[in-house]
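Structure first, commentary second.
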Number of protein chains: 4
Amino acid sequence: MSLPDDTDELVSPATGRPLTKRGEATRRRLLEAAEGVFAEQGYHEASIVKITERAGIGLGTFYLYFDSKQSIFEALVIDLNRRVRHSMSEAMEGAGSRLEAERAGFAGFFRFTAEHPALYRVVREAEFVSPEVLRLHYTRIVEGYEAGLRAAQETGDVDRALDPETTAWALMGMGELIGMRFLLWERDASGTAPTELDPVIFAGMTRFIDNALAPRDTPKDDS
Amino acid sequence: MSLPDDTDELVSPATGRPLTKRGEATRRRLLEAAEGVFAEQGYHEASIVKITERAGIGLGTFYLYFDSKQSIFEALVIDLNRRVRHSMSEAMEGAGSRLEAERAGFAGFFRFTAEHPALYRVVREAEFVSPEVLRLHYTRIVEGYEAGLRAAQETGDVDRALDPETTAWALMGMGELIGMRFLLWERDASGTAPTELDPVIFAGMTRFIDNALAPRDTPKDDS
Amino acid sequence: MSLPDDTDELVSPATGRPLTKRGEATRRRLLEAAEGVFAEQGYHEASIVKITERAGIGLGTFYLYFDSKQSIFEALVIDLNRRVRHSMSEAMEGAGSRLEAERAGFAGFFRFTAEHPALYRVVREAEFVSPEVLRLHYTRIVEGYEAGLRAAQETGDVDRALDPETTAWALMGMGELIGMRFLLWERDASGTAPTELDPVIFAGMTRFIDNALAPRDTPKDDS
Amino acid sequence: MSLPDDTDELVSPATGRPLTKRGEATRRRLLEAAEGVFAEQGYHEASIVKITERAGIGLGTFYLYFDSKQSIFEALVIDLNRRVRHSMSEAMEGAGSRLEAERAGFAGFFRFTAEHPALYRVVREAEFVSPEVLRLHYTRIVEGYEAGLRAAQETGDVDRALDPETTAWALMGMGELIGMRFLLWERDASGTAPTELDPVIFAGMTRFIDNALAPRDTPKDDS
DNA sequence: AATGAATGAGTATTCATTCAT
DNA sequence: GATGAATGAATACTCATTCAT
């Protein structure tokens, strides 16, 4: 599998040469246009012309920067993934405790979701467009959760009876659906774009997570 | 919005007349074929010809039973939704306690997921095909969770500080991603189809849920 | 290699079913339209729309009868090849002597060439479109010549010192360039379409062939 | 018609100024690259980028030397034509008799063909690219044959009953197909490049030509 | 002179849907 | 009721050519 990697030096797929400053700018404009078009119309309704028109460049130019429609889709998922993880770790910096960090991380996630609805829409369509990149996306985020959970279990901040991997996926799923329901659907319903999760919902979610993770005095047996 | 409803009497979109016994059988064969084709190829790669071929009927006949490709897609989501909820309530019957019922419900959900991968794949693509039906699907399941949670809070089996709606969506998301990760991805990776969630994973998830829902002696304040 | 064969039963490439009477008619209209378009514009300038428009059918219908542009091209070459060979053997029937038959065959060839300029143009472009079918075309005609030459050598009507294979290819090349020069170029120059080779030219060519094939009293040594 | 002529002084189509020494070298490298690319891929598959890459120069530079893709194609045909004629007359020098000269000329033709497969491939595609240059190519070679034939008829070395023009085209066609069949196809089949015609084939061809051209004691009547 | 990034016209092919049989 | 031949709108991608540097 040779997925576009976010650490590779950027090169033109046509010539294989590294991108100039101006080239990088054009590439970024294409990605931004693609984020918008994919988010609004979905992968299949989106067309290269729509993307290039929104980016304000010629149709043919697209192919100087991306191999194909699928290729820009994958690049976009990887880009959004990098940015959401960045947003999350930024939010977690300076948190006092493990739990605070966890909450802050979620807040960062939701903030990014609110500002980049494409993250959801694009990812949920990715199953049939590029399964590899879909898995990469989820796995990278989940690995972050998992590492945090293991560390917190060591320090006793998190229930040692929890399976870190399962728990990480559970948290990921929770975040995804809560974001979808209370950010994106609200956006659609109200016509305005909420920039943050409703505090009541956020509090409810926090209570849920705190409960789930907190160490129990008498570990339950779940046989 | 005029979504196909699962309680309406079935009629031919062409003639408007109610379906005969034989007609209902043909319609069901179409739905089953569609479940397979959509699950394997996704909505956009699927074609009416592929569906009718798998159903063993003529191409033109399709339009005696469904208005359009989107229409059978919506009917399929609604059908799967009805069946997964049935599977869940069936599993919950005879459970001794609230918590047992909860676990049983999840087990039913996962069993259905394992047997009907279309449920995931179809639903996750539905965002751009038919947002209405997508929301209907999630909402119906979540409403079931929510009702259960409210009742359990009354009896004190579930932490009264949890917000039932938020919690219900959290559980839904959890189930979705755990099913995706540990049933569908395993299926793809191993080539064989697991019929049940790995017990370790299931236990981990149960612990997580039990933790999250159980009443706390000293209700936490999460302000 | 799986070239379309002129003896296969005709089937729809889409469904694999044999063609109905009406289907065969449509297929023939497509081939005739393709003959015209390819001859006038060449393979690359020709487009499927131009062909279907000339045939008076819908664009999509094309693909019920042919897999691709290349596929109708190959079918056309094979069809023309079959017909030119038919035209030649028909012309040779009833010839009194070997030499008369030979002359008559060439006359048939030129008559067909004059009426079907596509034969030249299409074949000469075939090198890069479908080398296989190009070779098939030449080989089939040449094999006919070669068989005739061998037989005539047995009866002593043709110089036994000639190599039948080489001679057959020489005759093929001769016919091709003479036809090109004195039928097709004249057609282009005069704007009218000659239906037969100028008698002077035909006579010159006959003399050339007669000389070349006639048995020599004292076989030359060409070392 | 303003075909590039092989006697014109070479000028840059961009500036109209005559080419410098260095310019002429670049132009020749382009022509050589074009010969290779056209021969391997055909006119339509060939692209300016491929040609300039093989020539090792920048894409834009191409247009300093040629007006268009068609223009370099025409220049190439004219160049190859000049060189094949040169190869033929060189081979004929020092031949003892008319017939020896004829044979030597053909040998020169085949040697060039074997070394420059582009000659065939390019010419046979030229019909729709540039009919003018195609005709020029054939006519120039044929005129050489024709002049030789007329002279040989005067001296009695060649049958006076033959029409020189027809005969010349017949010889041209012969040479073309024999070269195609026994040089180029062999090359493709064996993967190795024969540099000369198989002696058996060459002998067979010589016998054929000798027969065809030799004066007859009793001139045949071809009515 | 030399370059190569940018352009957009042009086209093969797919597939949901219709309708005559 | 059932069928499947016919339709044409819609779109990703290529490449000759231009022109600013």
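These figures come from a predicted structure and were not determined experimentally.
Regarding contacts with the backbone of F/dG1, every side-chain N or O of B/Tyr65 stays at 4.0 angstrom or more from both OP1 and OP2. At F/dT3, one or more side-chain N or O atoms of B/Thr61 fall inside 4.0 Å of OP1 or OP2 (strictly under the cut-off).
Whole-Å rounding puts the C/Ile72 CD1 to E/dT13 P distance at 11 Å. What separates CZ of A/Phe66 from P of F/dT14 is a distance of 16 Å, to the nearest Å. The CD atom of B/Gln70 sits 13 Å away from the P atom of E/dA16 (whole-angstrom rounding). The distance from atom CD of A/Gln41 to atom C1' of F/dA10 is 14 Å, rounded to the nearest whole Å. For A/Lys50 and F/dT11, the NZ to P distance is 6 Å, given to the nearest whole Å. Atom CG in C/Leu64 sits about 13 Å away from atom C1' in E/dT13, given to the nearest Å. As a whole-Å value, the separation of D/Glu53 CD from E/dG4 P is 10 Å. Between D/Phe62 atom CZ and E/dA1 atom P there is a gap of 16 Å when expressed in whole angstrom units.
Test A/Ile78, A/Val77, A/Val122 against A/His137 for side chain to side chain contact (heavy atoms under 4.5 Å, CB included) and you get one pass: A/Val77.
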Expected output check: what is the dot-bracket annotation of DNA chain F, where ( ) and [ ] are pairs inside the strand (brackets for crossing ones), | is paired with another strand, and pairs are Watson-Crick or G-U under 3.5 Å?
.||||||||||||||||||||
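The side chain of D/Ser47 approaches F/dA16 more closely than any other nucleotide in the set E/dG4, E/dT11, F/dA16. Checked against E/dT14, E/dA2, E/dG10, the side chain of D/Thr26 finds its nearest nucleotide in E/dA2. The nucleotide whose nearest atom lies closest to any side-chain atom of B/Ile57 is, among F/dC13, F/dA16, F/dT3, F/dT3. Nearest nucleotide to the B/Arg22 side chain, out of F/dA5, F/dG1, F/dT18: F/dG1. The nucleotide whose nearest atom lies closest to any side-chain atom of A/Lys69 is, among E/dT3, E/dT13, F/dA12, F/dA12.
For the pair A/Leu59 and C/Tyr43, both in contact range of DNA chain E, the more 5′-proximal nearest nucleotide belongs to A/Leu59. Taking for each of A/Gly60 and B/Glu45 the nucleotide of DNA chain E with the nearest heavy atom, the 5'-most of the two is the partner of A/Gly60.
Considering only heavy atoms from C-beta on, D/Tyr120 stays 4.5 Å or farther from C/Glu127 through its side chain. A heavy-atom distance below 4.5 Å is found between the side chains of B/Arg28 and B/Asp79. Side-chain contact between D/Glu125 and D/His44 is present, with at least one heavy-atom pair separated by less than 4.5 Å. Taking 4.5 Å as the limit, every side-chain heavy atom of C/Asn81 sits out of range of all side-chain heavy atoms of C/Leu136.
Using a 4.0 Å heavy-atom cutoff across all strands shown, B/Gly58 reaches sugar-phosphate atoms only and no base atom. The residue A/Ser68 sits close only to the backbone: its heavy atoms come under 4.0 Å of sugar-phosphate atoms, none of a base. Using a 4.0 Å heavy-atom criterion, one finds that A/Ile48 contacts the sugar-phosphate atoms exclusively.
Residue C/Ile57 holds its CD1 atom at 7.0 Å from CZ of C/Arg29, rounded to the nearest 0.5 Å. Atom OH of C/Tyr65 and atom CD1 of C/Ile72 lie 12.0 Å apart (nearest 0.5 Å).
Geometrically, A/Lys69 does not engage A/Phe62 in a cation-pi contact, judged by NZ or CZ lying under 6.0 Å from the ring centre and within 45° of the ring axis.
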